[in-house]
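Step one of this worksheet: look at the structure below.
Quick caveat: nothing in here was measured; it's all calculated off a predicted structure. All heavy atoms count here, side chains included; hydrogens, waters and symmetry mates do not. Below, chain A is the first sequence line, B the second, and so on; all start at residue 1.
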Amino acid sequence: MYKLIQEYSEAELIQLVWDRENVQEVMNRRVYLSAAEGRERELGELWVSGREYQETASFGKNWGYYIGMAEIRRYYVDKRGQDMRKLLDAMCTARPELKDESPGYGCMSLYPLTTPYIEIAGDGRTARGLWYSIGQETTGNPKGTAKAYWIFQRIAADLVKEGEAWKIWHLAEIFDAHLEPGEDFRVQPRVLPKEEQPVEREFGEPTLKMLTHDARYNWLDGYPAMPEPYYSFKSSDSYGPEGHPHYYREVLAK
Amino acid sequence: MNRNLRLAERIRNAAATQEAENVHARHAYLHACGDGSAEIATIWYKSPKTIWSHGFFATAVGWNEIWYNHAVYNDANPICDFPAYMLQYPEIAGKDPRPLMCIAMHVLANEIIEVADDGNTARAMFLTPGILISHINSNGLKFAEWQWERYGADFICDNGKWCFYHELVCPDHVPSFDSENYAASSYKELTAREETERIGESAGGFAPKNEEIPRIPGKFTIQGCIHKKFSPIQPVQNTVPWPEPYSTLDDANSYAPGYN
Amino acid sequence: MKTNGYTIEALTSKWEDLREIKNLMGKYSMSVVLMRHRTIFKDFWSAREDVCLGFNHGYYKGGEAVREYYRSYGDSIMKTSGYMQKLFPAELGKLSEEELFGTGRFEMKPLTSPVIALSGDGETAKGLWCCLGAESGVDERGPLSSWTWGYCAVDFVREADGWKIWHLQALEDVKFLGGQSWGKVEEVYPPLPEFAELGDFKLPAPNVPRTVRARYGADRPLTPPPRIPEPYETFKKTFSYGV
């Protein structure tokens, strides 16, 4: 926290306590909406709605950022919907008896959050959090089987208070590793063929392409950094693209 | 928790609960990038009564001994092993060896937390379904193993800042990631009467260390393991009982009786 | 939870409710690790008669049914432990029944990602958690471990001695042998002759049998998690995780 506990008034401190709980709740709600493929609902309920925030919202992974809610929707809702539809169409072609099924057939995913580390800004208007997720993504296929993956990633977020509600402003899902269950990680090639990189393939073509984290070297690059106590939001200290240590090199200097 | 305290004390304790969670999370992330120095220097209580105990190793007593094991000893190992890594991956020359060795991500879940009535300490128990992963290794392969453990931690508010006071780490199962059925493997070891139980030896494929390089030995005042890992003949262990509401840290309410 | 409109005292009290509920579920989950199935009902469940415990294949509805489930589960644990004692007399022969209880089995199902809604009237609450679990048991194939993925959805009620579990759903999407992929057909382990006499143990069937949730298979339609708790005033105005 920005000050020591004894420096807060009772009202300030209980507000801070609830701010942390509410930030945690927003991110946890996201876990369940995402598992339900309720991404449109997630963007509407849990992400920023104010215009100034929508324009600067971002969704990042190891390979860049989608910037602005329109771009985020293009990836997170539209592309996902198209991918799911395409998969179902392929399933129906192979197995016509599935024609009445809905997209998502044979699929399952869950990215629970653990190890929360949350800092609320000294001015009470923004928050930064870091979580770790041991998750899974399981995708059916036209053959009637499925491919499952363990997925390990850090999830970092800036949230902003709109009215009384905390909303996600910048989100970074920074991937560390994946493996099919039952396989031996020791013998996984260091450089995987494209078809064996489901997380990168799924991310598509972001607004800003840049390497935010090179998982091949564990946590050497230190991104995303842990939140530290802070007074007010600065984009250069955020989990958005401007807060990435290489933003200058990748964008401003070009 | 005690709801009969004064309102200011209850609010203070609510905030302290979250600070304890943050301290343990900070440990998790610093440990995952191998930064033992920063961790021990900033979030561990500088006292001769500070304790760190690991089910597979032994118990370090006092901040100085914990610093020795987690900073000096732990930092030295990546430096000793670094030449072998550089042979495999020349591009890492000149980089910090510590985060390169391994992502030791002991995630935190299932927390049970109590803050003392006096607000000076907190106690917490976590389950940690964790993972050790590395994409690089001195033998050119990757390695990974699960690390499902339990944590029992006492925290103390030192000059307004919350830090670790006592921490007990109790690994339950550490199978390799992910081709192993750990119960079947354990039974096979038992019935083959193999001595190797991988205590101190990684299932996930850490490459053997170069024995020619002299290493700084670990140093633990109290020998003996506090917790045994799962096997089909291991009786139930409650090495880190969950905390109950308590008024002040004492030998009856502590993960380190005798060190309060 | 919105904080406007509450006094500082009320906000503090509500936070304490939240923390007590998280601690309660942490202890419930740890009790499973510690094999305390014989006391779990007394320790954590409500004294109300309309308690309810749900699994993928149905509900145990009513105090008697829930109590009987846990009691039987305890018996199944003792059966396993007794068998392991017979197979390993040198290591386990001297243990009393109490010391032996739980040997051979292991269940760790840490709860994460809580979404908890406290009722406006302060009498009830609802919570939803994710659960990545590891369990190991013994059957005719010997000791085997499994991964589980699932959810825990709980209604709570405030009683004189604190928050208690009222309705609990422990639902699994995956329960799959370790060392294999839940996206593939599970490979069979052969029976081991030394476990041939272990025999089956049948837990009592749910008294409200129904498919609450199908486990994942490549032929399962998209199945959302249990309903997420939303803010509510009184329990009558929200949905129940019971039946």
#### Entry: Proximal component of C:Leu95, with respect to chain B [non-hydrogen, under 4.5 Å]
side chain
### Query
Given that the side chain runs from C-beta out, which part of B:Gln234 has a heavy atom under 4.5 Å from chain C: side chain, backbone, both or neither?
backbone
### Message
Between B:Glu111 and C:Arg19, is there a side-chain heavy-atom distance shorter than 4.5 Å?
### Response
yes
### B:Phe230 portion near chain C, given a 4.5 angstrom heavy-atom threshold
side chain
### Query
Which bit of B:Thr17 comes within less than 4.5 Å of chain C, counting heavy atoms only: side chain, backbone, both or neither?
side chain
### Task
Can you tell which part of C:Glu194 gets under 4.5 Å to a heavy atom of chain B, answering side chain, backbone, both or neither?
side chain
### Task
Taking the side chain as every heavy atom from C-beta outward, state whether C:Met108 and B:Pro129 have any atom pair closer than 4.5 Å.
no
### Message
With a 4.5 Å cut-off on side-chain heavy atoms, are B:Arg10 and C:Ser13 touching?
### Response
yes
### Query
Going through the checks in order, is the side chain to side chain contact (heavy atoms under 4.5 Å, CB included) test met by C:Asn23 and B:Glu114?
CA-CA 9 Å; C:Asn23 276 2; B:Glu114 293 286 347; 3.4 Å; yes
### Message
So for atom NZ, which belongs to B:Lys228, do other residues, nucleotides or ligands contribute more than 12 heavy atoms lying within a distance under 6.0 Å?
### Response
no
## Note on the structure
Honestly, the part of C:Glu135 sitting under 4.5 Å from a heavy atom of chain B is backbone
### For chain C, the option from B:Pro243, B:Ser186, B:Ala184 that forms the most heavy-atom pairs under 4.5 Å
B:Ala184
### Query
Taking side chain as C-beta onward, heavy atoms only, is C:Lys27 less than 4.5 Å from B:Met125?
no
### Query
Of all heavy-atom pairs between C:Leu34 and B:Gln237, which one has the smallest distance, and what is that distance?
CD2-O, 3.4 Å
### Query
If you measure from CD on C:Glu20 to CZ on B:Arg3, what distance do you get to the nearest 0.5 Å?
4.0 Å
### Query
Is there side-chain contact between C:Glu91 and B:Leu190, with at least one heavy-atom pair below 4.5 Å?
no
### Part of C:Trp147 lying under 4.5 Å from any heavy atom of chain B
side chain
## Note on the structure
When the 4.5 angstrom heavy-atom criterion is applied to C:Leu92 and chain B, the contacting part is side chain
### Closest non-hydrogen atom pair between C:Thr103 and B:Pro232, with its separation
CG2-O, 3.7 Å
### Query
Quick one: what part of C:Glu9 sits under 4.5 Å from any heavy atom of chain B, side chain, backbone, both or neither?
both
### Query
Taking C:Gly104, C:Gly26, C:Pro143, C:Pro114 one by one, which has the highest count of heavy-atom pairs under 4.5 Å against chain B?
C:Pro143
### Task
List the atom of C:Pro110, the atom of B:Asn110, and the distance in Å for their closest heavy-atom pair.
CA-OD1, 3.6 Å
### Message
Please report the interatomic distance CG(B:Leu127) to CG(C:Leu132), rounded to the nearest 0.5 Å.
### Response
11.5 Å
### Message
If I take atom CE from residue B:Met1 and atom CD from residue C:Glu16, how far apart are they, to the nearest 0.5 angstrom?
### Response
5.5 Å
### Segment of C:Thr112 engaging chain B (4.5 angstrom heavy-atom cut-off)
side chain
### Query
What part of C:Phe101 gets closer than 4.5 Å to chain B, counting heavy atoms only: side chain, backbone, both or neither?
backbone
### Query
Closest heavy-atom contact between C:Gly178 and B:Asn181?
O-ND2, 3.2 Å
### Message
Please classify the contact between C:Leu192 and chain B as side chain, backbone, both or neither, with a heavy-atom cut-off of under 4.5 Å.
### Response
side chain
### Distance in Å, B:Asp172 CG paired with C:Ser136 OG, rounded so as to fall on 0.5 Å steps
10.0 Å
### Message
Does atom CD (B:Gln223) have a neighbourhood of more than 12 heavy atoms from anything else shown, all under 6.0 Å?
### Response
yes
### Query
Which of the residues C:Met25, C:Met35, C:Met84, C:Arg141 is involved in the greatest number of heavy-atom pairs with chain B at under 4.5 angstrom?
C:Met84
### Task
Please answer whether the main-chain N or O of B:Tyr182 pairs with a side-chain N or O of C:Ser145 as donor and acceptor at a distance below 3.5 Å.
yes
### Chi angles and distances behind the side chain to side chain contact (heavy atoms under 4.5 Å, CB included) call for C:Arg36, B:Asn238
CA-CA 11 Å; C:Arg36 288 184 181 170; B:Asn238 191 13; 3.2 Å; yes
### Task
Determine the interplanar angle of the C:Phe88 and B:Tyr187 rings, folded into 0 to 90°, and report it as parallel if under 30°, tilted if 30 to 60°, perpendicular if over 60°.
perpendicular
